[in-house]
Amino acid sequence: MEESAIMQRRWLTVPIALLSAGLAACSVDDTSSPTTTTPSTAAATVAAVPAYEFSEDGKKLTALVRTDDTDQLRLVYREISGRVLASYPAGGYFLNLDCAFGNDPSKAANRLATAKIAVGPLGAAQTGLEPGKASIDFNTGRMCREGAAPETFNADRSLDRDYAVELCRGRVEEKYVADQRPVKMMNIDVTEASGRWTVTGTAQGKSKPGGGEMAKVSFQCVSTNDGLLKTDLVKFDVVR
């Protein structure tokens, strides 16, 4: 391995404080080459990137972040992919953007996004991208905010009209990336038959880059509680 590549990797694995100087059903591809900057604009660009902790295991790269905002995640992705394309050996690299809050290596990561980076023709063959390109996909229904573990249900609460709507909202919002929420639910209709609650309507998420095609949908949820509280999203169709 060339010395320059070794130095680059050591820089990327320094503590998070120094790094700070530098979402499936709804996904975004960014296959453009990372933007280059002149010395006069580089400092401002680097300062805008949120803090993250970087590690690597072969060609598997991981960035632990403290935000679920897709614009912020994209900044982290672009910084890392830019450095990989500029100095790493040829090959395909796979980047995971995981939430740092509650992160436990012994458990499944709260994965906010995944990315592929193609360095040279070998990287293109291993990732399916063009040489020198990178792409990112955001996972829906993920949150990364300190102390924001939401309560998904209340076992002591009786299933009624209002609770059925709340449970349905939770299932619908899982389909949107974080910065499309909160979702506005409209034209809601609720029916009940033999303890089976059906909620239908339309949902409007905030239109963001990469999420516009799912901004408005027609949905239907079914909630039951026969000793096990359960809510299924049985319809989720994009409204054209």
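When a residue number appears, it is its place in the shown sequence, counting from 1.
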Tell me every residue that passes side-chain hydrogen bond (donor to acceptor under 3.5 Å, both in side chains) with [X], counting only those two or more places apart in sequence or in another chain.
X: K60; result: none
X: S218; result: K235
X: D98; result: R111

Which heavy-atom pair separates [X] from [Y] by the least distance, and what is that distance?
X: R171; Y: L233; answer: O-CD2, 3.9 Å
X: A124; Y: A118; answer: N-CB, 3.7 Å
X: N139; Y: A113; answer: ND2-N, 4.1 Å

Any side-chain donor near an acceptor of the partner, Y88 and E56, under 3.5 Å: yes
Any chance the side chains of E79 and Y52 put a donor and an acceptor closer than 3.5 Å? yes
Separation between [atom1] of [X] and [atom2] of [Y], rounded to the nearest 0.5 Å:
X: T127; Y: L122; atom1: OG1; atom2: CG; value: 9.0 Å
X: L97; Y: T62; atom1: CG; atom2: OG1; value: 9.0 Å
X: D137; Y: L112; atom1: CG; atom2: CG; value: 13.0 Å
X: L159; Y: L167; atom1: CG; atom2: CG; value: 6.5 Å

State which residues pass side chain to side chain contact (heavy atoms under 4.5 Å, CB included) with [X]; sequence neighbours excluded, sorted by chain then number.
X: E166; result: R157, Y163
X: D232; result: K230, V234
X: R169; result: E173, M185
X: A100; result: L64, R66

Decide yes or no for [X] and [Y]: does some side-chain heavy atom of the first lie under 4.5 Å from some side-chain heavy atom of the second?
X: P50; Y: L75; value: yes
X: V119; Y: Y93; value: yes
X: I117; Y: L85; value: yes
X: L129; Y: S135; value: yes
X: Q204; Y: V183; value: no
X: L95; Y: T114; value: no

Stepwise, does the side chain to side chain contact (heavy atoms under 4.5 Å, CB included) test hold for F219 with T200? CA-CA 6 Å; F219 66 85; T200 60; 5.6 Å; no
Can you list every pair that meets salt bridge (charged side-chain N to carboxylate O under 4.0 Å, His left out) and has a residue in residues 113-128, with sequence neighbours left out? none
Restricting to pairs with a member in residues 50-135, which pass disulfide (SG to SG under 2.5 Å), not counting sequence neighbours? C99-C144
To which residues is F94 joined in a hydrophobic cluster, defined by side-chain heavy-atom contacts under 4.5 Å among Ile, Leu, Val, Met, Phe, Trp and Tyr, whether direct or through other members? none
Would you be so kind as to tabulate the donor-acceptor pairs closer than 3.5 Å made by side chains of residues 187-199, with sequence neighbours excluded?
from, atom 1, to, atom 2, distance (Å)
N187, ND2, T202, OG1, 3.4
E192, OE2, S194, N, 3.4
E192, OE2, G195, N, 2.6

Hey, quick one: are L61 and V76 part of the same hydrophobic cluster, counting side-chain heavy atoms closer than 4.5 Å, chains of contacts allowed? yes
Transitively linked via ILVMFWY side-chain contacts under 4.5 Å: F54 with V65? yes
Is any side-chain N of the basic residue among D68 and R145 closer than 4.0 Å to the acidic one's carboxylate O? yes
Whether the side chain of S81 engages the backbone of R78 through a donor-acceptor N/O pair (distance < 3.5 Å, no angle test) should be reported. yes
